[in-house]
2 protein chains.
Amino acid sequence: MSALDRALDLLDLFGPDTTALSLTELSAGSGLPLSTCHRLAATLVARGYLDRGEDRRYRVGVGLWSVAQRSPLSDRLRESALPALARLYEETGENITLAVLDGGRALYVERLMGERSIPTVSRAGARLPLHTTGVGKVLLAYQPEAAIAAHLSAPLERPTRDALADPARLRRDLAETRARGYSVTRQEMTLGSASVAVPILQAGRCVAAVGVIVHLARLDPPRLVATLSRAAAAIVAELERLD
Amino acid sequence: MSALDRALDLLDLFGPDTTALSLTELSAGSGLPLSTCHRLAATLVARGYLDRGEDRRYRVGVGLWSVAQRSPLSDRLRESALPALARLYEETGENITLAVLDGGRALYVERLMGERSIPTVSRAGARLPLHTTGVGKVLLAYQPEAAIAAHLSAPLERPTRDALADPARLRRDLAETRARGYSVTRQEMTLGSASVAVPILQAGRCVAAVGVIVHLARLDPPRLVATLSRAAAAIVAELERLD
DNA sequence: GCCAGACTTCCGCCTCGTGGAAGTCCTGGC
DNA sequence: GCCAGGACTTCCACGAGGCGGAAGTCTGGC
């Protein structure tokens, strides 16, 4: 176990519900002794990768955030998509999400949420199941058959009663998604929530998905799809401008 | 020199113009031998902090990006500001920027740029001089007098002929900024560019600044300020909702 | 096929990391 | 204000892991 691995273990402790951690919490979470954590965290703080506030809690630092802006996710995809997402947000007034496929999950790259919107779990950095989210179903639908088969061979979690956890049922949904060019979810991730999502296709590959999350009562796929497709096209155009 | 420090040296090599680096470039940039770089980078790749593509170049990985989403800059400020920035972008059709004061520079947290907009250097993650940028002048103006004095005691760079590099002249501009509640720049950072920016104030402290960058010919402070102030108020409201 | 540049792997040596324990600081209850 | 308990912070001998030069392999251009 290398020192670098241990330091990265510490960084990996920061999550959606753990954005500020005490030294003792770092120690408990990583299984490393207090003094080891203290020493490694001190280096991370000195280098700006962690920040330690007056409350003595550690938070992810500006230095790490700055490096992250150079990742293709941020530098390329997110930045190219942002103006189109902003327009989409203004036109719909709903929750807007942009996600990529990573490690068999939908990784949320961006989320715009307003006051009228319903609470969602899809914040930037969140990882959610492919089969229960609009963007996730799109990401899965456009994978090669072997990847789909592999994904469906593992047990599918069922966060809500409506989630499609039966592989055959899900396969049909994925086929429909491909046939019409967009996915629909109804209370498959969160009760009361529905979504529509479309793929962002480059050279025949689905590089990301963009979706709108709405209250079930406001779900109107044809209206949302038209708007989403314009946004997706704008994002593709921007990405191709970079190539 | 610790292994962790060396690894962080590698990560710090990634910048606005160096988003993809070969092993040899990592070695040259860090001054570390090839095999040391190779070993450290292998760990970073295994942990998702770097990614190595088919072109064998290293890029910042999804794992690091995910940790960065937990930083206060992203988790708190950027996410709270994004809907208001989207609205601002839609209302103005111009470049929108959000920045904080960090290390004596304006650190850009977010930037929305569209087709009509002019090219700017103010991408997310960029660090620019305080005294030559709209958001930077706001961030500086609202600092305690001692901090302003310290900043003005160092030589002020002059990227353009119009940049205010004379401390007395800049002081007057900062005083005007405070008096009227917004800053204006005219070709002080980039020829042809102008901007207006307002502070995001919490508990009497300027925690960030939000600005619009336009072509000089389209500069219209009163129109922009009204829109900016509404956005700033919305951001403050969202931040206070988190507290 | 040849060759130069860019890696990738190996391993003896030595540098740095470790973590238990002692000491210090902080906080909250009385 | 006092004090006890919890949360650190510091120290250093020992040993685990990191280092980097050199040899070997891979890649792409000619």
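Quick caveat: nothing in here was measured; it's all calculated off a predicted structure. Proteins come first, then strands; the chains are lettered A, B, ... in the order of their sequence lines, and each starts at number 1.
- Residues satisfying the side-chain contact (heavy atoms from CB on, under 4.5 Å) test with B/Arg56, not counting sequence neighbours, are B/Arg52.
- For B/Ser183, the side chain to side chain donor-acceptor pair (under 3.5 Å) criterion is met by no residue, not counting sequence neighbours.
- Of all the residues in residues 42-51 of chain A, not one reaches under 4.0 Å from DNA chain C with any non-hydrogen atom.
- Residues passing the side-chain contact (heavy atoms from CB on, under 4.5 Å) test with A/Ser80 are A/Glu238, A/Leu239, A/Leu242, sequence neighbours excluded.
- Across the protein-nucleic acid pair, A/Leu21 atom CG and D/dC8 atom C1' stand 15 Å apart, rounded to whole Å.
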Quick tally for nucleotides 9-30 of chain D: nucleotides whose base has a protein heavy atom under 4.0 Å get B, sugar-phosphate-only ones S, the rest -, giving SB------SSBBB---------
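- Taking B/Arg105 as the reference, B/Arg127, B/Pro129, B/Glu157 meet the side-chain contact (heavy atoms from CB on, under 4.5 Å) condition, with sequence neighbours excluded.
- The interatomic distance linking A/Asp55 (CG) with D/dA7 (C1') rounds to 13 Å, in whole Å.
- Of the possible donor and acceptor atoms, one in the side chain of B/Ser66 sits under 3.5 Å from a partner among the backbone N and O of B/Val62.
- Remark: A/Ala234 pairs with A/Ala84 by the side-chain contact (heavy atoms from CB on, under 4.5 Å) rule, at least two apart or across chains.
- For B/Asp55, the salt bridge (Lys or Arg N to Asp or Glu O under 4.0 Å) criterion is met by B/Arg59, not counting sequence neighbours.
- A rotation axis mapping the C1' atoms of four pairs onto the next four is fitted at both ends of the helix from C/dG1-D/dC30 to C/dC30-D/dG1 over five pairs, and the angle between these axes is 60° to 10 degrees.
- B/Arg171 meets the salt bridge (Lys or Arg N to Asp or Glu O under 4.0 Å) test with B/Glu145; sequence neighbours excluded.
- Legend: residues meeting salt bridge (Lys or Arg N to Asp or Glu O under 4.0 Å) with B/Arg205, ordered by chain and number and at least two apart, are absent.
- By the salt bridge (Lys or Arg N to Asp or Glu O under 4.0 Å) test, A/Arg158 is found to be paired with no residue, residues two or more places apart in sequence or in another chain being considered.
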